[in-house]
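Numbered from 1 within each chain, the chains take letters A, B, ... in sequence-line order. Atom set for the values below is all heavy atoms of this structure, side chains included, hydrogens, waters and symmetry mates excluded.
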There are 2 protein chains.
Amino acid sequence: MTLSLREKRRQETARDIQKSTLELAVSHDLDNVTTEEIAAAAGISTRTFFNYYANKEAAAIGHPPSFRDDEIEALRTGSGDLAADLKLFLDRHIATLAGDEDILRMVGKVLQSNEKARGILDGFLMTERHVLTECLSERVGNRQTAAALASYATDAIGRAIFLWEHAKSMSLNEALDVVWGGVIDASRVLIKPNR
Amino acid sequence: MTLSLREKRRQETARDIQKSTLELAVSHDLDNVTTEEIAAAAGISTRTFFNYYANKEAAAIGHPPSFRDDEIEALRTGSGDLAADLKLFLDRHIATLAGDEDILRMVGKVLQSNEKARGILDGFLMTERHVLTECLSERVGNRQTAAALASYATDAIGRAIFLWEHAKSMSLNEALDVVWGGVIDASRVLIKPNR
DNA sequence: GCAAAGATTGCACACTACGCAAGGTTTTGA
DNA sequence: TCAAAACCTTGCGTAGTGTGCAATCTTTGC
């Protein structure tokens, strides 16, 4: 790999900046923190800060893990029940996210009060949802069906993180299970006429 | 109503500013438009612009119609099949949105490229989804189920608008029908084991 | 070890967003 | 009807954001 010392440093710096940003944001609210303060905390100049992130909200979000190629591939070529395959896919992705619980928690806090940060994350999720839609299109014939399923899935991740953040003593895994139960139940309600 | 001439003017000005913002945004891309230009186009001072909106992205979004109280009430007290009631609810809301097709189209264009605007709309939709979740909680026992249904519904509106914007010669109503078909189909896929 | 590529930084500058205070308009109610 | 209260608009000042440019330093590949 050509991306050696230089690339490694870059990723480290990017992560340092994110951590500095999140720590300041959690204690003082991101809106009350200046890029100058963040840069100072990360040990770089203000100018360099902007070489890494377009703005402080982007620095707070950082570079969240995308769906991994092998996760997507497993879902595309899966041969089991689609609901089970999709749940497995989400479980795997949640496991990836669980590797950075502290950052996840701080990002969640920022998202609660910062519109711009939400927009940035939303843009990222839009891309992810698109990837997932493409993948699911090969499992179900209809594109709208695939789009709906992709929405269900990414939303479920979001709600699981939200639940995990608010219900103490619940792991990310458990939160996803609870949320997924709601997804399945909601689907049942829409199909089987009730009352 | 105490909100007479003064309040009316306020709403008119707010709308004028939104229109000026959107027209400039569609022709030049919002990022390349300054608040000064928008203010000039709307015939007000820059300072006054900020008395109406916190930033140009908020001006572009404006004040989208919330779910109306009677729409929510109808859904809460509805006694039919929940899927049918929910679809009716969405039809009514889409009809409300259809009253401002030109603005809707321009807002859509801004949302494609502007993260901050997406975040602002997202915050608004978060509130709407919460209202809907509360309402649906009274129809289905489980809160997670209600949350999932509320997500399905608000996402469906978003996808319907997207489809309407990209598929010419399709009305908002028709777009919603197509999207809703996908939602139902997706639910079916999750319930009935396929393959 | 050296040239090319890349990273960091300071400086300058346009733009954003808001507090404040001065002046104008609308509303209220006596 | 008219004066006080409430509200609106605006200019000015200022802290903060984000970027182009050029100088300087570090890493890389040969």
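In this structure, the ring of His63(B) has its center no less than 6.0 angstrom from the ring center of Tyr52(B).
The shortest distance between the side-chain N/O atoms of Ser45(B) and the OP1/OP2 oxygens of dT9(D) is not below 4.0 Å. Phosphate contact (OP1/OP2 of dT10(D), side-chain N/O of Thr48(B), threshold under 4.0 Å): present. Between Tyr52(A) and dT8(C) there is a side-chain N or O to OP1 or OP2 distance below 4.0 Å. The phosphate of dG18(D) (OP1 or OP2) has no side-chain N or O of Tyr53(A) nearer than 4.0 angstrom. One finds a side-chain N or O of Lys116(A) lying less than 4.0 angstrom from the OP1 or OP2 phosphate oxygen of dG18(D). Put simply, Thr34(B) has no side-chain N or O that comes within less than 4.0 Å of OP1 or OP2 on dC15(C). When the side-chain nitrogen and oxygen atoms of Lys8(A) are compared with OP1 and OP2 of dT27(D), none of them lie within a distance under 4.0 Å.
With rounding to whole Å, Gln11(B) atom CD is found 16 Å from dT26(C) atom C1'. Nucleotide dA17(C) holds its P atom 8 Å from the NZ atom of Lys56(B), rounded to whole Å. Rounded to an integer number of Å, the gap from Glu36(A) CD to dG18(D) P is 13 Å. Residue Asn51(B) contributes atom CG, which lies 9 Å from atom C1' of dT10(D) at whole-angstrom precision. Computed from coordinates, the Ile17(B) CD1 to dA17(C) P distance equals 14 Å when rounded to whole Å. Residue Leu24(A) contributes atom CG, which lies 16 Å from atom C1' of dG16(D) at whole-angstrom precision. At whole-Å resolution of the value, CZ in Arg9(B) and C1' in dC7(D) are 13 Å apart. With rounding to whole Å, Ile44(B) atom CD1 is found 11 Å from dG11(D) atom P.
A salt bridge is defined here as a Lys NZ or Arg NE, NH1 or NH2 lying under 4.0 Å from an Asp or Glu carboxylate O, and Glu134(B) with Arg129(B) fails to meet this definition. Between Glu12(A) and Arg15(A) there is no salt bridge, since none of the side-chain N atoms of the basic residue sits less than 4.0 Å from a carboxylate O of the acidic one.
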> Does the pair Asp29(A) and Asn114(A) meet the rule for a side-chain contact (heavy atoms from CB on, under 4.5 Å), with working shown?
Replying inline: CA-CA 9 Å; Asp29(A) 193 308; Asn114(A) 193 296; 5.8 Å; no
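Taking every side-chain heavy atom of Phe50(A) into account, dT19(D) is the closest of dT19(D), dT16(C), dT8(C). With dT27(C), dG6(C), dG18(D) as the candidates, the nucleotide lying closest to the side chain of Arg6(A) is dG6(C). The listed nucleotides are dC8(D), dC11(C), dT16(C); the one nearest the side chain of Arg47(A) is dC11(C).
Using modelled atom types and a 3.5 Å distance limit, the side chains of Arg47(A) and Asn51(A) yield a donor-acceptor pair.
Residue Thr46(A) is the one, among Glu57(B) and Thr46(A), whose nearest nucleotide of DNA chain C lies closer to the 5' end (criterion: closest heavy atom).
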